Amino acid sequence: MGYRIAIVGATGNVGREMLNILDERQFPVNEIVALASRKSQGTEISFGDKTLKTKDLEQFDFAGWDIALFAIGSEATKVHAPRAAKAGCVVIDNSSLYRYDNDVPLIVPEVNPQAIHGYDKKNIIANPNCSTAQMVVALKPLHDRATIKRVVVSTYQSVSGAGKDGIDELWDQTKSIYNPTDSKPPRQFTKQIAFNVIPHIDVFMDSGETKEEWKMVVETKKIVDPKIKVTATCVRVPVFVGHCEAINIEFEDHLDEDEARDILREAPGIMVVDKREDGGYVTPIECVGDFATYISRIRQDSTIDNGLNLWCVSDNLRKGAALNAVQIAELLGREVLKKG
Ligand code: 2RA
């Protein structure tokens with residue numbers, strides 16, 4: 001028994017990570033196919049100890065396949081996700097295309113697993129934005145205990161959030177700092193990212209927020225609770241993989257830092273590393289390749305009633321994308337398809 005799985009966008013960072021995680025978590029795969037653009041056709045991609053050769057997405061027929069994990073841009077998703085869904089293959093989509101559609105569940109399995117039962121309206125399930133996923137994993141157990149009124153979050157997002165081009169740009173610029181003759185102008189980012197930080201991810205909106213900041217607001221409300229007020233500042237930093245967030249939370253009820261720490265220690269998907277000493281906290285290079293959402297620097301915010309600060313770190317290619325998508329597939333299998 002097992003599932004027939006299609007990986008759509010298999011040659012990208014997230015596509016490759018989904019294959020790695022399906023293997024690491026021994027997802028019950030009966031058959032798997034790696035799909036990519038025609039120009040990438042035949043590219044060899046690892047799946048555990050096997051090697052898959054990518055097939056042309058344009059020509060692929062999804063009929064008879066159980067689950068398609070999508071990690072391609074919104075434009076291509078708009079073409080292929082509906083036809084996969086119509087063919088009876090459940091789509092789990094990493095793009096932002098369906099996240100805000102009332103007929104499509106937006107799921108972080110540790111937070112709102114019950115939403116899986118709404119998948120059949122369009123046969124599509126949306127994966128949240130990477131910066132949202134790790135934050136709501138931390139918010140949910142605290143919200144259940146003390147009801148969150150307001151969240152103020154500043155993010156420190158790695159360049160891999162902008163794909164392979166983002167990684168290449170940081171690498172090239174860093175090298176050219178030491179070899180000026182090799183200097184290249186910013187391409188992927190609006191300003192130099194090497195030895196710099198950029199308070200701008202995605203496009204600016206009329207409100208003055210960037211779309212990345214807007215996503216964190218809207219998606220947190222959809223996944224956790226529409227009553228929660230969220231304000232975000234999303235910043236690109238010269239780190240290859242691993243998003244960090246400084247999160248300030250105001251609760252309805254009192255919650256002291258020790259109880260918050262105990263709650264987070266017991267919460268699904270979370271590792272607490274929180275000692276008030278040198279190195280007693282997590283940094284992005286320590287989270288790479290891991291499944292956990294790490295929480296450090298848990299402390300009262302004494303400037304408001306019922307306030308708490310914390311530091312949240314997670315591998316943006318994993319919990320922020322590939323791992324969450326595979327966890328949704330696991331949830332779908334357990335709760336709905338039941339073929340595993
Ligand atoms: C980023 N969250 O970090 C966005 C898209 N992955 O660039």
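On a predicted model such as this, the values are computed, not experimentally measured, just so you know. Sequential numbering from 1 along the given sequence is applied to the chain's residues. Ligands are counted one by one from 1 in listed order, and the atoms in each one are counted from 1 as well.
- Of the charged side-chain nitrogens involved, at least one lies within less than 4.0 Å of a carboxylate oxygen, so that K78 and E75 count as a salt-bridged pair.
- Contact annotation for K215 and ligand 1: no heavy atom of the residue comes within less than 4.0 Å of the ligand.
- Short contacts between ligand 1 and Q157, defined as distances under 4.0 Å to a heavy atom of the residue, involve ligand atoms 1 (C), 2 (N), 3 (O).
- The shortest N or O to N or O distance between G161 and ligand 1 is under 3.5 Å.
- Closest to atom 2 (N) of ligand 1 among all protein heavy atoms lies E212 OE2, 2.5 Å.
- Residue K175 places its NZ atom among more than 12 non-hydrogen atoms of other residues, nucleotides or ligands, all under 6.0 Å distant.
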ask   = Given the rule in the side-chain contact (heavy atoms from CB on, under 4.5 Å) test, do M205 and E213 qualify, once you have shown the distances and angles that lead to the verdict?
value = CA-CA 10 Å; M205 302 177 78; E213 291 154 356; over 6 Å; no
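- Geometrically, ligand 1 and S131 share no nitrogen or oxygen pair separated by less than 3.5 Å.
- Residue N129 has at least one heavy-atom neighbour below 4.0 Å for each of these atoms of ligand 1: 2 (N), 4 (C), 5 (C).
- Heavy-atom proximity to H243, at under 4.0 Å, picks out these atoms of ligand 1: 3 (O).
- The closest protein non-hydrogen atom to atom 7 (O) of ligand 1 is R236 NH2, 2.5 Å.
- No more than 12 heavy-atom neighbours from other residues, nucleotides or ligands sit within 6.0 angstrom of NZ on K55.
- G15 and I7 get closest at one heavy-atom pair: O-CG2, 3.9 Å.
- The environment of R297 atom CZ is sparse: at most 12 non-hydrogen atoms of other residues, nucleotides or ligands sit within 6.0 angstrom.
- Atoms of ligand 1 found under 4.0 Å from any heavy atom of A162 (numbered from 1 in listed order, with element): 7 (O).
- Between K140 and D144 there is a salt bridge, since a side-chain N of the basic residue sits under 4.0 Å from a carboxylate O of the acidic one.
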